[in-house]
2 protein chains.
Amino acid sequence: MTKARVTVIDIAKAAGVSKSTVSLVLQGSSLVNEATRAKVNAVMRELGYVYNRGAANLRQAGAKSRIVGVVVNDLTNSFFAELAVGVDTVVQSAGFVQFLSNTGESIDRQREVVASMREHGISGLIVSPARATDAADFKPLVAAGIPVVVVVRNLPGAKVSSIVSDNRAGMVSAVKHLAGLGHKRIAFLGGFPDTAVFDDRLAGYRNGVDAAGLDYHEGFVISSAPSRAGGVEAIGKAIALGRRPTAAVCFNDAVAFGVCDGLRARRLEPGTDFAVVGFDDVIEAQAAVPALTTVSVDPQGIGRRGAQMLLKQINAGKAEAETVTTAVRLVVRESCGAGKSVTSKQDAV
Amino acid sequence: MTKARVTVIDIAKAAGVSKSTVSLVLQGSSLVNEATRAKVNAVMRELGYVYNRGAANLRQAGAKSRIVGVVVNDLTNSFFAELAVGVDTVVQSAGFVQFLSNTGESIDRQREVVASMREHGISGLIVSPARATDAADFKPLVAAGIPVVVVVRNLPGAKVSSIVSDNRAGMVSAVKHLAGLGHKRIAFLGGFPDTAVFDDRLAGYRNGVDAAGLDYHEGFVISSAPSRAGGVEAIGKAIALGRRPTAAVCFNDAVAFGVCDGLRARRLEPGTDFAVVGFDDVIEAQAAVPALTTVSVDPQGIGRRGAQMLLKQINAGKAEAETVTTAVRLVVRESCGAGKSVTSKQDAV
DNA sequence: TGACATAATTGGAACGTTCCAAATATCTAA
DNA sequence: TTAGATATTTGGAACGTTCCAATTATGTCA
């Protein structure tokens with residue numbers, strides 16, 4: 001019902017002190033007498049005071065807004081939702097709040113939300129960039145002293161910190177596992193070739209093929225949209241090949257699910273007639289039938305790690321661009337044809 | 001590289017006008033001459049000016065921060081992630097940004113994040129409250145003139161707007177469908193009885209049972225955690241009953257998946273030996289085997305609708321508490337034993 | 001008691017914007 | 001040419017906080 005805002009001045013008047021003292025209390029300064037502190041706090045509760053952070057960071061010019069921006073390219077994908085949760089937990093417990101925006105892979109939208117966040121005075125930004133993001137897009141931010149951490153997809157050329165999972169090592173272990181099961185013809189299915197993640201995973205595939213002493217066939221690399229539909233399409237092409245593969249590592253789990261669909265449509269049972277391995281370990285992977293053998297990347301962990309890195313840089317005041325690749329591990333389930341519920345841990349290099 | 005912030009005053013000096021004029025340009029006022037506007041805009045671009053919204057809303061006291069707070073109880077649940085995306089799309093295109101926080105069903109955390117959001121001066125709040133949230137918790141907000149929209153779970157007694165799906169009608173149609181397939185003994189499985197959503201869905205179940213001319217057995221209502229594990233537990237109890245049910249409507253899809261697991265563990269095939277219907281229509285529902293018959297509630301739609309309602313109230317300046325229940329429809333797939341991929345639409349009352 | 005250190009408090013000025021009332025420039029018609 | 005209108009521009013004074021330098025209260029020692 002009270003129309004006007006309660007300000008420090010109101011508190012000061014009611015408590016019989018000066019606004020400066022109230023401010024000191026607000027900041028938990030040790031300068032203020034215990035009795036006055038108690039008094040002031042009591043009055044604040046009584047009048048229903050709410051701190052105006054906007055006014056505060058107007059004064060303390062620097063990056064003290066206690067807001068971190070989080071931008072993800074596809075929140076409907078549970079991988080990124082988990083990532084956001086990971087960020088949120090550490091950000092929250094550090095007393096920050098997060099601006100979360102979804103770009104849906106639109107670079108324009110990404111530009112807009114980043115601009116908006118900047119106007120709101122974020123102290124730092126965590127971003128999983130939309131496809132084909134220009135590395136220069138974040139230049140102004142870092143120039144203004146706002147730390148930026150890029151996650152999941154790295155941005156070659158941008159001088160910012162980044163955290164990506166060890167895509168290469170993950171694929172190596174996936175291929176090795178299949179080779180260990182006796183497969184000689186292993187395909188790489190799905191994904192758009194214009195992304196850094198694709199390059200890494202493909203490189204891992206090639207390494208794995210070499211390491212297993214198998215021949216590398218260019219025809220076994222079949223790209224497609226990184227989606228379920230893309231997986232269906234890719235397996236269709238793979239099966240049409242003369243010497244068809246007997247197993248596949250997939251760009252990600254969505255593709256792997258599509259591959260399973262496509263196999264069944266051709267009366268082939270994934271896991272029995274054809275081995276399938278995914279990448280990401282989304283929640284659905286273990287509930288699916290057959291349960292998906294996949295490379296687990298722990299998106300929440302990446303989110304937490306990214307948030308920690310960002311907070312460190314915010315507190316340090318200066319942003320050393322550092323790059324971290326997080327370990328992944330192969331989770332063996334059923335779709336690769338190995339025994340049920342055997343889990344092999346394999347740390348990445 | 002430039003150390004100091006660029007302000008309107010810098011722009012004014014460089015453009016040879018007064019700060020007031022620059023401010024006018026910023027607000028797109030029609031008072032300012034076209035030539036000066038162009039000049040000012042050019043200088044702003046040149047100097048890399050970024051608007052300081054914090055300073056702005058300090059002056060224009062009201063709720064013009066263009067921030068909406070979004071609080072959800074479980075972002076790892078794709079239902080709520082979708083909801084957040086729905087909110088984000090309309091909020092973004094209205095030129096607002098969203099603060100998104102996850103409470104993980106913790107009331108303390110919820111209190112914290114709401115307080116923090118308030119300090120940051122949100123213009124409105126959309127919340128899917130944590131379990132056992134006190135309706136009075138949002139009193140201060142509305143008293144301060146900040147519109148609040150509660151979604152998904154309603155908060156009886158709180159004088160705020162709310163959007164919930166038509167839980168009752170959804171359950172009625174689910175039960176009717178099962179009865180139409182010839183089932184006489186239909187159970188209601190899963191969910192915690194202390195929530196309004198549970199009450200609504202249970203009421204719908206009873207209505208449906210009555211409408212189908214069946215007898216209502218108290219023993220057929222078996223509550224449990226609203227999770228996969230809870231579903232396993234509930235179906236176990238149901239099967240142990242003397243006259244066991246032949247079909248079940250479940251509190252939500254997670255429970256339904258658990259029920260399917262539990263059935264298989266007892267060598268019963270869901271869809272063939274026992275009919276299962278879920279609620280929510282999460283993404284996994286159509287990919288599962290058997291595909292889940294369920295009541296679809298379109299979380300993105302709820303998010304969009306909630307955001308629209310909130311923005312309307314923000315713009316109106318005054319918040320009429322209004323309550324909306326959104327229509328749901330039964331999506332018939334395989335787990336109920338009916339034919340494959342037949343979709344019956346049924347609008348809610 | 002005086003002198004000095006220490007503890008606690010305090011009034012402006014500043015942060016970057018918007019608003020207001022008032023000033024100036026430009027146009028129109030007599 | 002001038003009065004009155006209209007179109008544009010403009011200096012302060014806010015907004016709610018923090019910071020600084022300065023002030024006042026309190027304690028200690030000889």
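Being a predicted model, the structure only gives us computed values, none of them experimental. To find a chain, count down the sequence lines: A is the first, B the second, and so on, and within it residues start at 1.
Rounded to whole Å, the distance from CG on A:Leu24 to C1' on C:dA8 is 9 Å. When rounded to the nearest whole Å, the span between NZ of B:Lys19 and P of C:dC19 equals 13 Å. Between the P atom of D:dT17 and the CG atom of B:Asn57 lies a distance of 13 Å, rounded to the nearest Å. In this structure, B:Leu26 atom CG and C:dC19 atom P are separated by 11 Å, rounded to whole Å. Regarding A:Leu58, its CG atom lies at a distance of 17 Å from the P atom of D:dA14, rounded to whole Å. For the pair A:Ile9 CD1 and D:dA14 P, the computed distance is 12 Å after rounding to whole Å. Residue A:Leu31 contributes atom CG, which lies 18 Å from atom P of D:dA25 at whole-angstrom precision. Atom C1' of nucleotide C:dG16 and atom CZ of A:Arg53 are separated by 19 Å, given to the nearest angstrom.
One N or O on the side chain of A:Thr103 and one on the backbone of A:Val72 form a donor-acceptor pair closer than 3.5 Å. One N or O on the side chain of B:Gln92 and one on the backbone of A:Asn102 form a donor-acceptor pair closer than 3.5 Å.
Backbone-only contact: A:Thr7 has heavy atoms under 4.0 Å from sugar-phosphate atoms and none from a base.
The side chain of A:Asn52 places no N or O atom within less than 4.0 Å of a non-bridging phosphate oxygen (OP1 or OP2) of D:dT17. Applying the 4.0 Å criterion to OP1 and OP2 of D:dC19, one finds that A:Gln27 has a side-chain N or O inside that range. Phosphate proximity of C:dT9 to A:Thr36: present, with a side-chain N or O under 4.0 Å from OP1 or OP2. Contact annotation: B:Ser23 side-chain N/O to C:dT18 OP1/OP2 distance is under 4.0 Å. Residue B:Ser18 has a polar side-chain atom (N or O) positioned under 4.0 Å from OP1 or OP2 of D:dT10.
Looking at the side chain of A:Ala56, the nearest of the listed nucleotides D:dT17, C:dT10, D:dT10 is D:dT17. The side chain of A:Asn33 has C:dA8 as its nearest neighbour among D:dT8, D:dC19, C:dA8. Relative to the side chain of A:Gln60, the nucleotides D:dT18, D:dT8, C:dT9 differ in distance, and D:dT18 lies closest. When the nucleotides C:dG16, D:dC19, D:dG16 are ranked by their closest atom to the side chain of B:Arg59, C:dG16 comes out on top.
A salt bridge links B:Glu105 to B:Arg153: one of the charged nitrogens lies within less than 4.0 Å of a carboxylate oxygen. Remark: B:Glu320 does not engage B:Lys312 in a salt bridge, criterion side-chain N to carboxylate O under 4.0 Å.
Neither side chain, A:Gln98 nor B:Ser101, offers a donor N or O lying under 3.5 Å from an acceptor on the other.
Two residues, B:Val32 and B:Ala55, neighbour DNA chain D, and the one matched to the more 5' nucleotide by heavy-atom proximity is B:Val32.
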